[in-house]
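To keep things clear, I will list the structure first and then write my remarks on it.
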Amino acid sequence: MTQGFGLSATARLALLKRLSKRKEEKGPAPGAARAFRELPGQRDMEMIREAAGALGLENPFFRPHEGIAGATSRIGNREVINYGSYNYLGLNGDPRVIAAAHAAIDRYGVSASASRMVSGERPVHAALEEAIAAHYGVDAALAMVSGHATNVTVLGHLMGPRDLILHDAAIHNSCAEGARLSGARRIAFAHNDWRAAEKELAAARRGARRALIVIEGHYSMDGDLPDLPRFIEMARRHDAWLMVDEAHGMGVVGATGHGIHEHWGVDAKDVDIWMGTLSKTLSGCGGYIAGNADLVAWLRHSAPGFVYSVGMAPVLAAAALESLRILQSEPERVARLQANASLFLRLAKETGLDTGTSAGLAIVPIIVGSSVGAARLSQALFERGINVQPILYPAVPDSSARLRFFLSSEHAEPQIRETIAAVRSAMAGAQPAEIAGESSFHIGGNHPRHA
């Protein structure tokens, strides 16, 4: 079903050769050492833009949404069914969340205006952190202004050159960057393979002062889940810490949305470090760490990304706090989300689409098998009024290029059925694009891994 959206082998090479020749002909310009145009990847991006133009592909990225992006959104003055946003429980736009945000603006203004340690602390920060800690049933929590920066600063600060960080090969870019910053020895294990992880840990643990295992609670690219009990057992056996990134798990995984520990029925305190973001289910922006009181107190007084950063905007803290309260009081939202994702996954599989290892909880990929094909399919669906983003090389291998569907509790069954029918129709009606030549060409650019 995927062949019609790709290029033939001869077509790929012809396009690649033609664009590469243009690139070579231009050559380095005088003063190239100071030219931002010569930064790594700039010429590759230019070649990709030219290739997309030659194939008649629009840029699917940076499209402005003109209102609240939920199950539907408005793009280019047109309403579309939307699968491109993390508004999993429809709380971004809920009147109660908006009211809480307005009240915070009225009381505190928009900005905290300083680092929280200096004079940016507001009561709403402590209230949010207490609520997050209670959600997990752990000692304490700390909220920071950015989810990405939370992983970078915590991993970079917690671990050092004599330490070991063992992480899933599909871990989020923020974790990989934090691990790199730390200077620790870094080992990636095959995605979701706890046996491979244990083998690597057993071989490397003796030479390290401290060891940290980093996994996600709900993987953002594939929508699958780790075997949490196995990783907890492994961490204890090898005297290592376990950190779980719950960015896409909060409000999504578990019967009431408490996360991966609820799904597996384990005590959240068996995980040493919980990390999550406020920009998905909790309809705000920022990140958090939850866990042991000593760890949180140490980070509060020493983590560079917290101590030297402005405090989270009170309006965002208030919105996240109200969203968390609604999540806890209305678990039926979680049930609707999971039902919608399960239906989407079932219909996609019945149609013969490749959904990889998705658990069908909120994230369902449809793997197309080529970056050109994924970009073409995304454009075809957009023309039919369905917004879904392609994930292209190098974010994933070209053979794993896909569309990534984010489901919401607010999607209606007819929308889901219409979407699967549109995918089936678009793929069945695709015609191969031919330009003379052969080999492989990737339309993609430098996308952040696992956004």
Side-chain angles (χ1 to χ4, degrees), residues 104 108-109 111-165 167 172 174-184 208-214 235 239-247 250 268-279 282 284-318 320-321 324:
Y108 304 114
S111 174
S113 301
S115 162
R116 285 175 59 185
M117 180 175 280
V118 177
S119 63
E121 186 76 8
R122 302 293 183 268
V124 68
H125 293 136
L128 174 61
E129 290 165 349
E130 289 169 7
I132 291 172
H135 179 82
Y136 285 99
V138 297
D139 297 344
L142 183 66
M144 304 188 195
V145 294
S146 158
H148 191 282
T150 296
N151 274 331
V152 172
T153 197
V154 169
L155 287 168
H157 187 53
L158 180 65
M159 307 301 283
R162 294 170 54 198
D163 300 330
L164 168 68
I165 298 177
H167 64 80
H172 192 270
S174 57
C175 295
E177 290 299 318
R180 187 175 295 111
L181 175 65
S182 75
R209 176 183 54 173
R210 294 188 296 253
L212 173 67
I213 305 167
V214 187
D239 192 26
W241 288 320
L242 175 62
M243 178 176 178
V244 179
D245 181 333
E246 279 267 275
M250 164 84 80
K269 289 184 177 180
D270 289 339
V271 171
D272 300 287
I273 306 171
W274 290 102
M275 180 273 171
T277 58
L278 309 177
S279 55
L282 300 187
C285 185
Y288 63 83
I289 294 291
N292 178 274
D294 292 337
L295 169 68
V296 171
W298 179 72
L299 292 173
R300 186 183 299 274
H301 290 86
S302 65
F306 179 80
V307 173
Y308 300 104
S309 172
V310 68
M312 179 184 295
V315 59
L316 295 175
L321 177 58
L324 183 54

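In this text the structure is predicted, and so the values were computed from the model without any measurement. Just so you know, these numbers use all the heavy atoms, side chains as well, and skip hydrogens, waters and symmetry mates.
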* Asked: What's the shortest heavy-atom distance between A141 and I132, and which atoms?
  -> CB-CG2, 3.9 Å

* Asked: Side chains of H301 and M117: closer than 4.5 Å at any heavy-atom pair?
  -> yes

* Asked: Just wondering, do I273 and L242 contact through their side chains at under 4.5 Å, heavy atoms?
  -> no

* Structure fact -> The complete set of side-chain hydrogen bond (donor to acceptor under 3.5 Å, both in side chains) pairs with one or both residues in residues 286-300, sequence neighbours excluded, reads E129-R300, Y136-Y288

* Under 4.5 Å between any side-chain heavy atoms of L316 and L278, yes or no? -> no

* Please list all pairs passing the salt bridge (Lys or Arg N to Asp or Glu O under 4.0 Å) test where one or both residues lie in residues 304-314, with sequence neighbours left out. => none

* Structure fact -> Taken to the nearest 0.5 Å, the spacing of M243 CE from N151 CG works out to 4.5 Å

* Is there a donor in the side chain of H148 and an acceptor in the side chain of S146, or the other way round, less than 3.5 Å apart? -> no

* V310/R116 under side chain to side chain contact (heavy atoms under 4.5 Å, CB included): CA gap, chis, key distance, verdict -> CA-CA 7 Å; V310 68; R116 285 175 59 185; over 6 Å; no

* What is the minimum heavy-atom distance between G311 and A112, and which atoms define it? -> O-CB, 3.7 Å

* Side chains of V214 and L155 in contact at under 4.5 Å (non-hydrogen atoms) -> yes

* Tell me, do D245 and C175 make a side-chain contact under 4.5 Å, heavy atoms counted? -> yes

* To do: Identify the two heavy atoms, one from M312 and one from A143, that lie closest to each other, and give their separation to 0.1 Å.
  => CE-CB, 3.8 Å

* Structure fact -> Note: T153 and A303 closest approach over all heavy atoms is OG1-C, 4.1 Å

* Would you name the heavy atoms of A104 and P314 that are closest together and state the gap between them? => CB-O, 3.9 Å

* Asked: For T277, which residues count as a side chain to side chain donor-acceptor pair (under 3.5 Å) partner, sequence neighbours excluded?
  -> K280

* Atom pair NE2/OG of H157 and S182 - distance to nearest 0.5 Å -> 12.0 Å

* Donor-acceptor contact below 3.5 Å, side chain W274 vs main chain V244 -> no

* Structure fact -> Rounded to the nearest 0.5 Å, the NE2 atom of H172 sits from the CE atom of M275 at a distance of 8.0 Å

* How about W241 and M159: do any of their side-chain heavy atoms sit closer than 4.5 Å? -> yes

* Side-chain contact test, heavy atoms from C-beta onward, threshold under 4.5 Å: evaluate it for D139 versus V296 and give yes or no. => no

* Asked: Are any non-hydrogen side-chain atoms of D163 and L212 less than 4.5 angstrom apart?
  -> no

* Asked: Under 6.0 Å from the CZ atom of R162, do we count more than 12 heavy atoms belonging to anything else shown?
  -> no

* Structure fact -> Between I289 and L299 the two heavy atoms that sit nearest each other are CG2-CD1, 4.0 Å

* To do: Can you measure from CE (M144) to CZ (F306) and round to the nearest 0.5 angstrom?
  => 7.0 Å

